[in-house]
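Following: one structure in structure tokens, then a few remarks.
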Amino acid sequence: MRLLGSKPNAVVCFGVLGAAGVLAQGNDKKSILDYVDPLIGTINGGHVFPGATLPYGMAKAVADVNGDNQGGFTSDNAPIKGFSHMHDSGTGGASSLGNFPIFPQICENNDVTKCKYAAWEREALRKQGSVKASPGYFAVGLDTNIHAEISVSNRTALYRFTFPASSANPAPSPNGTNPTFTNSTSPAPHILLELIDLPDSRQEAGIKIDNESGRMTGWGVFGPSFGIGNYTSYFCADFFGADLKASGIWDRGVPKNGSSLDLGLSGYGGAWVQFEKPEEKEQILVRVGLSFISSARACENAEREIDDPGLDTLEDLVDVARDAWEEKLGVVDVVPGGASEVILRAFWSGIYRTMISPQDYTGENPLWESDEPYYDSFYCIWDSFRSIHPLITLLDPHGQALFIRTLLDVYRHEGKLPDCRMSFCKGFTQGGSNADIVLVDSWLKGINAGIDWDLAYEAMLSDAEIEPPNWDVEGRGGLASWKKLGYIPKNDVDVIGEGTKTRSISRTVEYAYNDFVIALFALHQQHDEDAYKKYLHRSGNWKNLFKPNQTSILPNNGADTGFVGFLQPKLPDGTWDFQDPIFCSPLLDFTGCYLNPSGGETYEGPVWLYTFFVPGDMSTLIHTLGGADSFVKRLDFFHDSGMCYIGDEQAFLKVFLYHYAGRPGLSSKRAHYYIPSQFNDTVGGIPGNDDSGAMGSFAALTMMGIFPNAGQDVYFITPPFFESVSITNPQTGNTATIRNKNYDPGFKNIYIQSATLNGEPYARNWLTHKFFLEGGELELVLGPEESEWGTRPQDVPPSLGPFGKNGTIEDGGGGVEKRWYMAQTQPRSAVLEVGA
Ligand SMILES: *[C@@H]1O[C@H](CO)[C@@H](O)[C@H](O)[C@H]1NC(C)=O
Ligand SMILES: *[C@@H]1O[C@H](CO)[C@@H](O)[C@H](O)[C@H]1NC(C)=O
Ligand SMILES: *[C@@H]1O[C@H](CO)[C@@H](O)[C@H](O)[C@H]1NC(C)=O
Ligand SMILES: *[C@@H]1O[C@H](CO)[C@@H](O)[C@H](O)[C@H]1NC(C)=O
Ligand SMILES: *[C@@H]1O[C@H](CO)[C@@H](O)[C@H](O)[C@H]1NC(C)=O
Ligand SMILES: *[C@@H]1O[C@H](CO)[C@@H](O)[C@H](O)[C@H]1NC(C)=O
Ligand SMILES: *[C@@H]1O[C@H](CO)[C@@H](O)[C@H](O)[C@H]1NC(C)=O
Ligand SMILES: *[C@@H]1O[C@H](CO)[C@@H](O)[C@H](O)[C@H]1NC(C)=O
Ligand SMILES: *[C@@H]1O[C@H](CO)[C@@H](O)[C@H](O)[C@H]1NC(C)=O
């Protein structure tokens, strides 16, 4: 654990924008970017991309390992086999992108036929301790004594390779992966490029090399990492810093003279260049422009963004990238109040990772002509709707508006909203049509610019009503049963479309919540009362799979958990089937429920977990599960038994459901249970695939004390992990501050005793987005025990059902619904009475 300097209680401040993100502590100045460690999540399956990128940048360059390389690089000892220019971050599917890697070497006796061409021959170990990663910069030394440094602009990667001045043999690596070369006073740098990608999905490809300039241009057809179809990618590589000595192509590991190579489905190869001794510092620059339109466009992108680079252009790019990141992150301002460096690093790195993707491919879309923006790598919305998009909505509403416009343009041109999308291809749907939630969440929070909300409504109704031919990649399956039976049956008979007919339980509860947000939108945006009633009714479909007398026993000793009433699979004829409620949790066959055809009736989690998923009607769920006390016991058991795997996004909301039972203090306690023990600043410091920043955004929102219930205008209030946190809305310029009184960095005082909003008592345990739009100050008085604050029925977030916190019907049955309705009636400008 690294504590903040020697004065853990010193009050330190970060500035907002301008005096840009500088932490002043004594004489030290520390930028907020110094708290961003891109290497967090680069082992243990985090799959984080730790290389150089701008916010939402298309170019994402890093060293690629021969190993668990979804994010390109890993913080273990896996050998490095290339340096490539595009990546996705945190994905759980196959490795993504990594097209056209380059690799630097010195050939024995400078003989190009002695260099190693095939990836498995050329790969080299890293030098221990040589890896440096910070926003916009990545560096690693190879045990061949070649040092690589990387930065990027939006669509161009820049590499600076420093070669050894003389090729005195480096220390051989333990398994001898480094090439041996003879001593020479003028080693000739050799750099190859290979027509391949990380998942080895390449189909046709071709490359040309200009034997005077060394410029390489080319293309390849590749497959997406978690979806169907193919995409074509182009590049343009230029070299600077030394005279060309020789160049050519290579084919199946053999270098040849020649200026072009075409590859079909089989074969491997690319091009190579060899240089005279570099003019300065033994350095060669490689600039790789990228495009999805043409290699000419790739060259244009490169020349426009990084014209005529010199050796220190890399530093200039890093400066530009740091400014871009500081601007994005600088809307958040934290007074640590002694919070540990572990917390600060996990926090800022979490926000940073949230803005790596989606990636701005505007103007590079070969699929359709459009003036709309085009962002890619919504990877996947099942993962991102819960915390990534809500966090971006808070910090970068302009970016979020561009994402919404992209989603709608995909609908316009492909007929459905995506649930997952990467590399211009349709990705696999994991549950419901969760883009519906992203749209409604944004609408509720005032995201507006350039968005056609009527089109959005049309797209959502299409999800709800029209089953596509292949619902594995968009929309919903089983809609005939959904409409007729009110649930997705196990062994559904579906004559409309094709898809993987598993996950009947999880699809049912997700479709129900999708219909819930559509109902909200129908009423409040479209003023369509009939649709509101229809979808509100369908949002209750989860009840049709609730089996009141279902029990659950522990797999290890058969002991009854004591909890009764769980979701269960139901057949088309209405009879119950059975799935052990613990199946597919860490306690029983954890990996039994994926997208495979033999997967279970829940997706990536147990019935226990899905039984808690009624985000729009928690009061009815709590009532159904026996009232608040019983609900709290069940939720505690879920977390304490080891059944809850916090490394999968669907677990996130379960940390905060205590709010609905009038126990906001227990949400705070759970937040501290998981952070920093599961989310911290180590290279293995996230518990699961980051999925484009999902783990990062969960940690950041939780530490800010405002976790959202995505799809509703609801943020659960818990004490921030810092003395205070402020968010300045970049569009309104208003600042919302949440300040803890009695904050202690040892986290004994984690329970809210009382609160004021702009000086007035505030009893609700939740906030709406209005606070962030208008700014203001929420002050929380903390103490070491739970209090009465936020515990009354009228204090809890809105729900549909008429049930109070202990299962009694409040206000004659209409009150809570009315209250909910009122709260949401003018959700974008709601004037909520403070304190109530
Ligand atoms: C080389 O050795 C290192 C350390 O012993 C090991 O981690 C790595 O997997 C080995 N690489 C290959 C290609 O055998
Ligand atoms: C990168 O592209 C974004 C638009 O996505 C633009 O706002 C930004 O200025 C560009 N950055 C640089 C360094 O060109
Ligand atoms: C290269 O030079 C170093 C020291 O100058 C020497 O130790 C080494 O044996 C030489 N290697 C070869 C292959 O000549
Ligand atoms: C360079 O390329 C041109 C055109 O492809 C070719 O005519 C010429 O022979 C090449 N020169 C060398 C030295 O390979
Ligand atoms: C790529 O996809 C397109 C459209 O689906 C298809 O027509 C084409 O044959 C595919 N190309 C390759 C090389 O697989
Ligand atoms: C290229 O051609 C030259 C001249 O014929 C020859 O010396 C050289 O070995 C060739 N290079 C390769 C890689 O085949
Ligand atoms: C549970 O309830 C179902 C009806 O919903 C009934 O058929 C079944 O017998 C009950 N099981 C037990 C153990 O009571
Ligand atoms: C950091 O988080 C990882 C991943 O969740 C966890 O395995 C590890 O134990 C944590 N380390 C510390 C020091 O808390
Ligand atoms: C809970 O139940 C008790 C009696 O059973 C009742 O008096 C009370 O009003 C109920 N509601 C709340 C919120 O406590």
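Counting starts at 1 for both ligands and their atoms, in listed order.
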| message | I'd like the contact residues of ligand 7, where contact means a heavy atom below 4.0 Å. | response | Asn549, Trp576
| Can you list the atoms of ligand 6 that are under 4.0 Å from a heavy atom of Pro255? | 13 (C)
| message | Just checking Trp120 against Tyr268, ring centres under 6.0 Å apart? | response | yes
| Arg287 with Asp238: basic N within carboxylate O range, under 4.0 Å | yes
| When the aromatic ring centroids of Phe613 and Tyr610 are compared, is their separation below 6.0 Å? | no
| task | Scan for salt bridge (Lys or Arg N to Asp or Glu O under 4.0 Å) pairs involving residues 560-579, sequence neighbours excluded, and state none if there are none. | result | Lys490-Asp577
| task | Pick out which of Phe161, Phe275, Trp272 makes a ring pair (Phe, Tyr, Trp, His ring centres under 6.0 Å) with His190. | result | Trp272
| message | For Glu194, is there an ion pair with Arg122 - N to carboxylate O distance below 4.0 angstrom? | response | yes
| query | Does ligand 6 have any atom that is closer than 4.0 Å to a heavy atom of Gly248? | reply | no
| query | Hey, is the main chain of Ala559 close enough, under 3.5 Å, to the side chain of Asn557 for a donor-acceptor pair? | reply | yes
